[in-house]
Amino acid sequence: MPGYYDIDDIIMEEEPISVVFQVGAHGVGLLDPGSETNNVENGAKVDLPFWLAHELYLRQAVSISVPACFSQKTRKEIQADAACVDLRIRCPYFYELGCKIVPLVSDKSIGSFLHYAFTGRYKEILSKSHSASVVTVPKFSTRLTKEESQLFEAARSSMLAFKKWRLGGSRLEKASILGRKRKTTIPACPSTP
Amino acid sequence: MAGQSDPHLSIFSAPELEFLAEDEMVEVVPNIRMEALHVICGDFGPFFPQIAKVPLWLALALKKRDKCTIRTPEWMSVERLTQVLEAERESPREFQPLPFHYVEISRLLFDHARDDIPDIYMVRSLIEDIRYVRFHKVETGLETISGRTHAVKLKNLSAMEVNIVRPFMVRALQAFYKHDSPQMIQQPQTMGSRRPQVVDRGSRRDLRPR
């Protein structure tokens, strides 16, 4: 499981989540752009990054509401056609965030919803990535989340490497540094008498 | 080091696989006499103008220096390949037994030993068709995996084909495992009683019938 050192995990935890404060907090008015004093009221709705929301949840200071990317609107779109939904715009870490949110939020159907979305898009990824044509790629790959695009890239790069090998050519590649001509600075020697 | 060209995916690169394929034995007919060769992996006996079994790398080296002719392996004849192609087309879930490195061996022979293979264009197009049909079978099989799949069995798949699908399949299985774990799909809790979490083994999805 990715943990402390995984870059994708770290970036994913920066995603903003909207939370509702259950207690009043002093001195952290920075978090709530709408507060006049330097405090956050009880019951205020604030956007926090996921790592902060998680910690405060464990201390029972906030309650986490479902992020917008798992809303009913997205669900309906995915049920209509999973493969065409542009998940990267909504949330590039759709699946990872969903996995992390599941134990924290009261809505229990997120897990199966994620699974359904992934299964639907997986078929598309499978067929597109192995066809190895340059044309269809740019439109489709911009709709994928980070996790899916890693999957896509893995398949595509191995397919392209195979095609390149199949075309033939010598196995030994000339090092690029040898391509540059060196200037030979032989000074013109004076003719000997 | 072989297999480490891309540490994240840990696949072999295609030239590395080709290098591994060169260890297969082929038959050659030398056209010179030479005394025995003693190399690290063994001794290759004195060469007379009769059939000798040598590894492919040695056969290619001799061929480049015009010292032998390579006999095509018996699986690379037109009749045998047409049989294999027919069988591949008929059975949608099975793969026909083919030599493990058939893609690499055929490519090396096409490149270096063109004149030794009878009907080379026919053989080439047959091998391409076979490869295409098999890969298509792999893809259709991959569509059916889900979170219940604990392992995927691909019998008779060749080295190069395995290498192409390996990173994708590993990642896909990991992703499905992550999404389909019991804590993610939470069963609706009935009042009071808790269903024991039985790990369901699920049905084995073979890509070939048992």
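Lettering of chains follows the sequences in order, A, B, ..., and the numbering in each one begins at 1. Just so it is clear, the values below take in all heavy atoms, side chains as well, and ignore hydrogens, waters and symmetry mates. Everything quoted here is computed from the prediction, not taken from an experiment.
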Task: Residues B:R171 and A:E153 bridged, charged N to O under 4.0 Å - done: no
Task: Which of B:V165, B:L17, B:I164 touches chain A most, by non-hydrogen pairs under 4.5 Å - done: B:I164
Task: Segment of B:F110 engaging chain A (4.5 angstrom heavy-atom cut-off) - done: neither
TODO: Report yes if some heavy atom in the side chain of A:M159 is under 4.5 Å from a heavy atom in the side chain of B:F168; otherwise report no.
DONE: no
TODO: Measure B:E128 against the heavy atoms of chain A and call it side chain, backbone, both or neither at under 4.5 Å.
DONE: side chain
Task: Check: B:F176 ring centroid to A:Y122 ring centroid under 6.0 Å - done: yes
TODO: Could you look at B:V170 and say if it's the side chain, the backbone, both or neither that has a heavy atom under 4.5 Å from chain A?
DONE: neither
Open item on the list: Taking atom NZ as the centre, does B:K53 end up with more than 12 heavy-atom neighbours from other residues, nucleotides or ligands that are less than 6.0 angstrom away?
Closed with: yes
- [ ] State whether the number of non-hydrogen atoms from other residues, nucleotides or ligands found under 6.0 Å of A:L58 atom CG is greater than 12.
- [x] yes
Task: B:M122 atom CE: more than 12 heavy-atom contacts under 6.0 Å - done: no
TODO: Could you pull out the closest heavy-atom pair between A:A161 and B:A14, with the gap in Å?
DONE: O-CB, 4.4 Å
Task: Pairwise side-chain contact, B:N163 with A:F162, heavy-atom cut-off 4.5 Å (strictly under) - done: no
Task: Approximate separation, where rounding is to 0.5 Å, of B:E104 CD and A:W165 CH2 - done: 5.0 Å
Task: Side chains of A:E147 and B:Q174 in contact at under 4.5 Å (non-hydrogen atoms) - done: no
TODO: Kindly state each residue pair satisfying ring pair (Phe, Tyr, Trp, His ring centres under 6.0 Å) with at least one member in residues 43-68 of chain A, sequence neighbours excluded.
DONE: A:F50-A:H54
Open item on the list: Let me confirm one number: the CZ-CG distance from B:R107 to A:L167, rounded to the nearest 0.5 Å.
Closed with: 9.0 Å
